[in-house]
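These figures come from a predicted structure and were not determined experimentally. One-based numbering, in listed order, for ligands and for the atoms of each.
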Amino acid sequence: MSTHYTGLIERYRDRLPVSKDTPVISLGEGNTPLIELRNLPRLIKKEVRILVKYEGLNPTGSFKDRGMTMAVTKAVEAGSKAIICASTGNTSAAAAAYGARAGITSFVLIPEGKIALGKLSQAMMHGSVVIQIKGNFDDGMRLVQEVARDMPVTIVNSINPFRLQGQKTAAFEIVEELGEAPDYHALPVGNAGNITAHWIGYSEYICKDTQACALCKGKCGFHKEPRGAKRPIMLGYQAAGSAPFMRGAMVDHPETVATAIRIGHPMSWNQAWKVKEESGGWFGECTDQEILHVQKLLAQSEGVFCEPASATSLAGVLKDLERGAIGEGSTIVCTLTGHGLKDPDTAIAQSTRPITVDASRGAIEKVIGENMAG
Ligand code: AN7
């Protein structure tokens, strides 16, 4: 038997809306590491099991690849020759790459000056038509919907239902690796597509019959075999300057250093409230300072480099552990949605400068002497 991994559509074919004739567009996405933190729980003096789902190791460096393989596959199946999205960066990178793979045109709308450098380089390098707008993500999302009404372009934002179908597979992978769902699952929330997709995934995994699975309404194709009854409590964390779920209303001028989640009008608004209710979870918020602190803490205590938005999931969990909202003894999964290399500017801005010395042995030895631990 071949063990060659060919992406999440092949792996979860029986639980996704594809047929044997569907032309699968894949870059080997999914199957990302679930890494148990070893040092951080000790540092914060808590008896908890925290695992990070490192989605930054997808082909374009974010979880968006899970949704994009499905969205582009279905677009191609339907005969579409062009895709379009608005993006804070990662969706555009994924649309650009999967569009290239499929041999179709991709149009991406990005907020001028507000996307991280790595993401911009991806959209440009893969040959997308990159349209910078003098507005934010929410303006772009509105424009994409208007344009797609009259022009032959397929929207590949998460309002495209195939996106969430692809993204739900992350929950399948976690249940399969842990043997059951974790107690808590924390995600950064922007449009709230990913938290919705994870809940669909967890719900389908335990689904015994079509009645039990409220979100999939019997369409998941996975109702026969129960795999245990446990679903996690879902936690959605936002950046404080961009937190419509905390305000309980849309935010017109979102701001945060975590540009990926600089979103004030989430597309999956109603779905995410339903996830919160059904799972018994909650939303929380973190300041930019807290987000950056945890991004660096994770990089330096565990060797895991995620982008600022991704650190929001862990930052929120650490706060909720501290205030006792999450109890000790819990198993917690935090999704790290994107790779740290996506945003080199923010990483460099908060790191220690390199030390510049003469090219001499003496100078190097001096630095080593001054910096040896213990
Ligand atoms: C790293 O790329 O919306 O709550 O246009 O890139 O499902 O929106 C990105 C979102 C979290 C939020 N972490 O996920 C886009 C875009 C990272 C992200 C989110 C995004 P959703």
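With salt bridges taken as basic N to acidic carboxylate O contacts below 4.0 Å, one links Lys168 and Glu204. Under the 4.0 Å criterion applied to side-chain N and carboxylate O atoms, Lys74 and Glu77 are assigned as salt-bridge partners. One finds a salt bridge joining Lys134 and Glu112 here, because a Lys/Arg side-chain nitrogen approaches an Asp/Glu carboxylate oxygen to under 4.0 Å.
Under the side chain to side chain donor-acceptor pair (under 3.5 Å) criterion, Asn90 pairs with Glu307, Lys342, sequence neighbours left out. For Ile348, the side-chain contact (heavy atoms from CB on, under 4.5 Å) criterion is met by Arg353, not counting sequence neighbours.
The structure places OH of Tyr98 at 4.0 Å from CG of Leu27, a figure rounded to the nearest 0.5 Å.
For Met125, the CE atom sits in a loose shell: 12 or fewer heavy atoms of surrounding residues, nucleotides or ligands are nearer than 6.0 Å.
Using a 4.0 Å cut-off to heavy atoms of Thr91, the atoms of ligand 1 that qualify are 2 (O), 5 (O), 15 (C), 16 (C). Within ligand 1, counting atoms from 1 as listed, the ones closer than 4.0 Å to a heavy atom of Glu307 are 1 (C). Taking every heavy atom of Val189 and a limit of under 4.0 angstrom, the matching atoms of ligand 1 come to 4 (O). Near Ser87, meaning under 4.0 Å from any of its heavy atoms, are these atoms of ligand 1: 2 (O), 5 (O), 15 (C). Using a 4.0 Å cut-off to heavy atoms of Gly193, the atoms of ligand 1 that qualify are 4 (O), 7 (O), 21 (P). Atoms of ligand 1 found under 4.0 Å from any heavy atom of Asn90 (numbered from 1 in listed order, with element): 1 (C), 2 (O), 6 (O), 17 (C), 18 (C).
Taking 4.0 Å as the cut-off, Gly89 counts as a neighbour of ligand 1 on heavy-atom distance. Using a 4.0 angstrom heavy-atom cutoff, Ser158 does not count as in contact with ligand 1.
Considering only non-hydrogen atoms, atom 13 (N) of ligand 1 lies nearest to Thr337 out of Ile263, Asn157, Thr337, Thr312.
Annotation for Ala94 and Lys64: closest pair CB-CB, 3.8 Å, computed over non-hydrogen atoms.
Looking at Lys64 against ligand 1, only its side chain comes within 4.0 Å, counting heavy atoms. Residue contacts with ligand 1, taken as heavy atom pairs separated by less than 4.0 Å, involve Ile261 solely via side-chain atoms from C-beta onward.
Ala260 CB, 3.5 Å is the protein heavy atom nearest to atom 18 (C) of ligand 1.
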